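Here is the structure we will look at, set down as structure tokens.
One-based numbering along the sequence shown. Every value quoted in this text rests on a predicted model; they were computed, and no experiment measured them.
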Amino acid sequence: MIKRKFQHTFTLMNVDRVALDSRWNYQHVISPYNRIYYIGGGEGSLSGAGGSVQLEPGFLYIIPSFTLCNMRCDTHLDQYFVQFFEDSTDGISLFAQYRTISKVAATETDRLLFNRLLEINPGRGINRSDNPKVYEKDVFYKEYQELNNLQNISVSMETQGILWQLTAKFLSPNVLDSHGAKMIPLKLAETLDYIELNMHAELTVNFLASRINQHPDYFSRQFKAYTGTRPQTHILGKRIERAQYLMATTRMTYVEIASRLGFSDLSHFSKAFKKTTGMAPRDYRKQMYLVGFHEHVKNPPE
């Protein structure tokens with residue numbers, strides 16, 4: 001019998017059922033945690049780099065961590081939502097290759113799971129403005145973590161189980177196939193993991209190809225065929241994504257971030273960051289502080 005050891009755990013932040021109206025209209029939201037919605041009634045929309053998705057009754061939606069999106073409701077929306085952090089032993093998200101808004105048909109069981117999650121985790125709504133710029137703050141993350149620490153083992157395990165069941169709906173082959181996903185060859189999948197864990201290293205095409213005994217040209221063609229991007233484009237994108245995470249969640253300097261992510265110097269990092277995001281690192285970090293990360297720090301580190 002094949003035994004699979006799961007390396008991922010979830011940390012609950014918020015869960016609630018809310019009645020939204022036209023005030024729920026937020027642009028350019030990017031969060032360090034996953035969101036799952038169950039829509040009970042009304043309508044709204046989510047949009048991002050992958051296009052626009054309508055929020056319809058009877059469906060589940062996920063916004064993976066660090067997925068830039070816009071949220072909108074023109075009239076009213078009956079929404080169950082859960083927001084949770086994802087931890088893994090290797091630091092790689094379940095949605096590392098699928099950071100896009102996804103939609104699946106819900107069942108009565110899903111609605112019951114949300115109700116049970118609410119029942120065993122009372123008072124875990126946002127309890128403040130639903131504007132991410134208000135409630136997405138490091139001080140509040142710590143507040144929610146303390147609430148998790150107070151959970152007894154039974155509630156903690158049941159909460160994990162429910163989050164696993166809801167998340168699993170978005171990991172089925174038919175959902176991943178809807179994003180044009182292909183079954184990635186084992187050697188290439190291992191290479192993608194290696195990149196995630198070794199961003200500080202010099203990751204050339206020749207080196208990555210030699211690791212799995214492939215010719216660089218063949219490796220590059222395979223890489224693009226299964227990921228949609230060239231190796232160096234993928235590596236740069238992952239480095240900038242990790243830089244965004246470090247700027248949002250740590251006080252590391254730009255020099256420290258550049259060094260950790262394999263950039264030759266600060267100038268190289270700054271140029272690559274601006275080319276990818278359209279913003280200089282300093283401007284991006286200021287934006288993160290306006291959103292509310294690290295509220296307790298008066299000024300972002302240089």
Side-chain angles (χ1 to χ4, degrees), residues 13-86 93-106 125-126 128-137 140-141 166-167 169-170 175 178-180 228 237 240-241 243-245 247-249 273-281 283-293:
M13 182 174 164
N14 302 111
V15 59
D16 204 356
R17 182 181 185 181
V18 292
L20 302 173
D21 55 28
S22 59
R23 289 171 294 181
W24 194 68
N25 186 358
Y26 303 112
Q27 307 296 305
H28 310 301
V29 176
I30 183 168
S31 305
Y33 52 79
N34 299 319
R35 289 181 170 90
I36 294 180
Y37 297 151
Y38 170 82
I39 306 304
E43 59 183 20
S45 66
L46 299 172
S47 60
S52 181
V53 177
Q54 292 301 119
L55 296 174
E56 302 176 72
F59 286 87
L60 289 171
Y61 301 81
I62 192 168
I63 307 172
S65 60
F66 294 97
T67 300
L68 185 67
C69 71
N70 306 310
M71 306 168 176
R72 184 181 180 90
C73 172
D74 291 326
T75 55
H76 72 279
L77 189 65
D78 174 18
Q79 179 196 86
Y80 290 81
F81 73 88
V82 61
Q83 302 180 154
F84 57 99
F85 288 95
E86 175 189 2
S93 168
L94 287 165
F95 298 94
Q97 304 303 318
Y98 308 100
R99 292 197 188 278
T100 184
I101 300 165
S102 297
K103 169 185 179 179
V104 297
I126 293 174
R128 46 183 68 91
S129 169
D130 60 10
N131 186 342
K133 293 184 179 181
V134 174
Y135 70 81
E136 288 191 349
K137 298 184 179 181
F140 296 142
Y141 296 159
L166 292 172
T167 302
K169 299 291 289 281
F170 300 95
V175 175
S178 70
H179 298 302
I240 297 304
E241 181 182 278
Q244 290 173 300
Y245 175 80
M247 280 191 275
T249 61
F273 191 95
K274 186 170 184 178
K275 182 177 180 180
T276 303
T277 68
M279 302 176 69
D283 295 331
Y284 181 86
R285 195 164 218 167
K286 285 180 179 178
Q287 176 178 290
M288 288 295 96
Y289 276 76
L290 288 174
V291 169
F293 288 104

Donor-acceptor contact below 3.5 Å, side chain Q79 vs main chain R17: no
Pair T277-I240, side-chain contact (heavy atoms from CB on, under 4.5 Å): steps then yes or no: CA-CA 8 Å; T277 68; I240 297 304; 3.7 Å; yes
Residue pair N34, Q83: steps toward the side-chain contact (heavy atoms from CB on, under 4.5 Å) verdict: CA-CA 6 Å; N34 299 319; Q83 302 180 154; over 6 Å; no
Heavy-atom side-chain contact between F84 and T167 under 4.5 Å: yes
Validation row: E86, Y33 side chains within 4.5 angstrom (heavy atoms): no
Closest non-hydrogen atom pair, G40 against P57: O-CB, 4.0 Å
Electrostatic pair D74-R72, nearest N-O below 4.0 angstrom: yes
Worked check of side-chain contact (heavy atoms from CB on, under 4.5 Å) between L55 and S45: CA-CA 5 Å; L55 296 174; S45 66; 5.5 Å; no
Close side-chain approach of W24 and M71, heavy atoms under 4.5 Å: yes
Spacing of T276 atom OG1 and E241 atom CD [to the nearest 0.5 Å]: 11.5 Å
Y80 and Y37 aromatic centres sub-6.0 Å: no
Student check: side-chain heavy atoms of D16 and I126 closer than 4.5 Å: no
I62 side, atom CD1; T100 side, atom OG1 - distance, nearest 0.5 Å: 11.0 Å
From CA spacing to verdict: side-chain hydrogen bond (donor to acceptor under 3.5 Å, both in side chains), N70, S47: CA-CA 5 Å; N70 306 310; S47 60; 3.1 Å; yes
Cation-aromatic face contact K103/Y61, 6.0 Å, 45 degrees: no
Within 6.0 angstrom of E56 CD, more than 12 heavy atoms from elsewhere: yes
Where Y38 and A106 come nearest, the two heavy atoms and their spacing: CE1-CB, 3.4 Å
Backbone N/O of R23 and side chain of D21: donor-acceptor pair under 3.5 Å: yes
Closest approach of P64 to F95 (non-hydrogen atoms, all atoms of both residues): CB-CB, 3.9 Å
Chi angles and distances behind the side-chain contact (heavy atoms from CB on, under 4.5 Å) call for I63, F81: CA-CA 11 Å; I63 307 172; F81 73 88; over 6 Å; no
Nearest heavy atoms of C73 and E43, plus distance in Å: SG-O, 3.7 Å
Nearest-0.5 Å distance, CG of residue L166 to CD1 of residue I36: 5.0 Å
